[in-house]
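Below you'll find the structure, written out as structure tokens, and then a few comments.
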Amino acid sequence: MLSRLSSAKIRPLARNLPRRPSQTAAPRDTSRDNHEGRRQQTMKHLMETRVRDAIEKAMASGALLPGEIPGVVVEEPKSEDHGDYATTVALAMAKTWKMPPRNVAGILLAHFGNDDGLFSRLEIAGPGFLNATVAPSAWADVLHTVHSLGSEYGKNTLGAGQKIMVEFVSANPTGPLHVGHGRGAAVGDAMANILRHSGFDVTREYYINDSGRQIRTLGRSTYLRLKELAGQTVEFPGDCYQGDYIREIARAVREETPGILSMDEDAAVMLCARRAADIILEGIRQDLCDFGVTHDIWFSEQSLYDSGAVDAALESFKQTGQVYLKDGAWWFATSALGDEKDRVVIRQNGLTTYFASDIAYHQNKYARGFDKVIDVWGADHHGYIPRLAAAVEASGIARERFSVILVKLVNLLRGGEQVAMSTRSGEFVTLREVMDEVGPDMARFIFLSRHHESPLDFDLEAAKSQEKDNPVFYIQYAHARIASIFKLAGERGIPMFREKEPSARLLTEPEETRVLKKMAQYPEVVERAALFQEPHRVAFFLTELAALFHAFYNQHRVLTEDPELCRARLYLAEGVRVLVHGGLSLLGVKAPEHM
RNA sequence: GCGCCUGUAGCUCAGAUGGAUAGAGCAACGGACUUCUAAUCCGUAGGCCGCAGGUUCGAGUCCUGCCAGGCGCGCCA
């Protein structure tokens with residue numbers, strides 16, 4: 001049914017927001033370094049800088065062959081035994097510098113600046129890694145940053161103020177939203193939040209397919225149900241919408257317009273279509289609202305016909321010859337721009353195709369000043385991407401400015417049994433029902449805790465049976481626990497931490513350091529989620545942060561006798577709370593004070 | 001047939017630019033609450049990363065071929 005919500009990706013488009021950061025990482029990094037203060041300097045960047053400095057010094061002293069400074073790779077080793085950061089530059093450059101990797105690493109180590117004692121341990125390991133362990137007390141700076149920035153912590157400047165539109169859901173107004181739309185809604189909304197956090201000026205838009213055959217079918221379905229209500233026996237065709245909601249709409253139309261059946265049939269069907277679409281759209285709007293999704297703009301497809309935009313677009317392409325007449329139909333020459341074949345825009349019968357209005361629609365988007373446009377589609381529409389990308393390019397818009405997030409459809413199960421899903425047949429589980437059963441938070445988190453391109457089995461029974469034991473509550477519980485600590489601290493009159501808590505340097509227990517290290521990763525997680533268009537990264541980060549906090553909580557007391565340590569730990573707890581709250585809000589999930 | 005996506009622990013899924021001993025949750029088993037919320041924690045067990053080649057000092061990750069599943073291939077949306 002839904003055209004847009006259904007989804008796939010294609011090679012050229014993957015360039016929109018590159019999957020490989022290498023394409024943007026280098027320029028991004030340097031530009032950032034030039035904007036002191038606009039970005040949040042992370043521990044990882046400090047490490048990168050020092051490695052680079054070591055290379056420069058080694059080259060200057062003649063220990064290394066002089067030449068271009070290579071891109072420095074700093075990674076976070078999986079095992080704590082390998083320190084907090086490791087660089088593989090010695091391995092990568094061994095050939096260029098004509099020296100065994102371990103020797104290169106040794107030279108880097110000898111030139112590594114650590115006068116301030118930022119690193120408590122530096123060593124060469126394995127085939128030529130240079131491992132560095134940050135002094136536990138140095139992590140306190142991360143916490144100061146979190147506190148001074150508050151909910152701003154984690155923001156980045158990737159977008160640099162560019163206007164970006166995320167068009168998502170865009171379900172046809174022919175029936176209620178189902179779970180598949182829910183996934184698209186959750187992904188699109190979270191993506192929009194993450195992009196806003198990454199410096200984009202974001203607009204959420206819903207494209208209403210209120211034109212075309214399906215709307216006429218909707219009108220006809222409603223009209224036939226109206227006849228039924230009037231006691232007439234009608235044959236209800238299989239290609240009409242079977243769902244019970246059509247009957248309800250028919251009743252509403254009969255109340256509003258009692259004489260409708262005595263009207264001219266064409267006019268009556270048209271009226272039915274318009275009313276049915278309005279009623280359904282209002283329901284969709286309400287469902288989305290309860291799901292926590294609000295679109296800034298609801299854009300009507302019909303308006304593109306009414307304003308002449310579709311005709312104008314086609315006409316201009318006829319002028320250039322990119323739209324041409326063949327076999328009685330008008331074709332768009334998309335194959336010249338990467339599509340498999342040319343596509344029809346005006347059929348033999350004179351009616352335009354969906355593609356025709358989509359061309360005008362996308363021209364309209366850019367004409368409104370958007371630098372970038374992201375469409376969120378269901379994966380079954382992936383074959384549609386090349387032709388639309390071709391149309392965008394033919395319209396004089398750089399291909400990188402258009403991208404599509406494909407969301408795999410949801411495989412809905414109930415107790416292991418697959419639930420059939422088809423709007424036309426009327427057999428489907430609505431988003432509304434899912435929200436009623438498991439709650440919007442649970443539903444959103446399930447949608448967002450997997451890569452959007454991996455298939456999703458959503459078992460309603462399993463979700464409910466996990467009532468008390470699931471990742472959403474796990475994260476929310478961490479938030480509630482912290483809130484509870486502060487409530488008790490307030491009741492006991494325990495003095496709160498100061499603006500920049502000096503005793504944060506007391507947080508040197510392994511469990512505390514692990515929490516701080518995780519907090520330090522947050523800005524990069526948000527940035528990567530934006531860069532790769534992968535909101536699930538935030539969900540996984542939050543689970544990890546919550547786990548580390550729970551582990552800390554079980555091992556150490558926050559409200560302890562030592563007043564300095566107590567303040568430091570409150571300071572830590574509040575930092576975690578800020579991140580959990582902020583991260584959950586990116587995902588559109590509530591962060592409760594108590595559970 | 002062609003194209004795209006997916007294939008990692010019994011189940012659901014992560015896995016960063018190609019890095020060191022592949023991770024988490026659920027399920028299973030064994031422990032931890034007179035102490036800030038046990039919706040938690042600690043531990044044990046669980047793996048030819050679909051298969052086979054290739055590139056590389058190094059491959060779950062890149063290349064090629066194959067297998068399995070999903071989706072697409074319309075003058076539908």
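What you are looking at is a predicted structure, and each value in this text was computed from that prediction instead of being measured. Computation of the quantities below employed the complete heavy-atom set of this structure, encompassing side-chain atoms and omitting hydrogens, waters and symmetry-equivalent molecules.
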Exercise. Which is true for A:N131 with a 4.0 Å heavy-atom rule: it touches a base, it touches only sugar-phosphate, or it touches nothing?
Worked result: base
Exercise. When we call it a touch if two heavy atoms are under 4.0 Å apart, what does A:H556 touch: a base, just sugar-phosphate, or nothing?
Worked result: base
Exercise. Going by 5.5 Å between centroids and 30° between planes, is there a stack of A:F129 over B:A20?
Worked result: yes
Exercise. Tell me: CG of A:D457 to C1' of B:C11, nearest whole Å?
Worked result: 10 Å
Exercise. Does the ring of A:H550 meet both stacking tests against the six-membered base ring of B:A39: centre distance under 5.5 Å and plane angle under 30°?
Worked result: no
Exercise. B:A20 base stacked by A:H82? Criteria: ring centres under 5.5 Å, plane angle under 30°.
Worked result: yes
Exercise. If you look at every strand shown and take non-hydrogen atoms under 4.0 Å, does A:V74 touch a base, only sugar-phosphate, or nothing?
Worked result: base
Problem set entry | Separation between the C1' atoms of B:C62 and B:U56, rounded to whole Å | 10 Å
For this session: Output yes when at least one side-chain N/O atom of A:K341 is less than 4.0 Å from OP1 or OP2 of B:C73, else no.
Result: no
Exercise. Shortest non-hydrogen contact from A:Y305 to A:T353?
Worked result: OH-O, 4.0 Å
Exercise. A:H594 near the nucleic acid: base, sugar-phosphate alone, or nothing, with a heavy-atom cut-off under 4.0 Å?
Worked result: base
Exercise. Is A:D358 side chain donor-acceptor paired with the B:A77 base, going by distance under 3.5 Å alone?
Worked result: no
For this session: With C1' as the reference atom in both, quote the distance from B:G30 to B:G70 in angstrom, rounded to an integer.
Result: 41 Å
For this session: Check whether any side-chain N or O of A:R569 sits under 4.0 Å from OP1 or OP2 of B:C36, and answer yes or no.
Result: no
Exercise. For the base of B:A77, is there a side-chain donor-acceptor partner from A:H381 under 3.5 Å away?
Worked result: yes
Give me the distances for all protein-to-nucleotides 27-30 of chain B N/O pairs that come in under 3.5 Å?
none

For this session: Any strand is fair game: report the nucleotide pairing with B:U55 by Watson-Crick or G-U wobble, both distances under 3.5 Å, or none.
Result: none
Exercise. Whole Å only: how far is the CZ atom of A:F552 from the C1' atom of B:U40?
Worked result: 14 Å
Seminar exercise, completed: As its Watson-Crick or G-U partner within any shown strand, both distances under 3.5 Å, B:G7 has B:C67
For this session: Pick base, sugar-phosphate or nothing for A:Y474, based on heavy-atom distances below 4.0 Å to the nucleic acid.
Result: sugar-phosphate
Exercise. Between B:U61 atom P and A:K78 atom NZ, what is the distance in whole Å?
Worked result: 13 Å
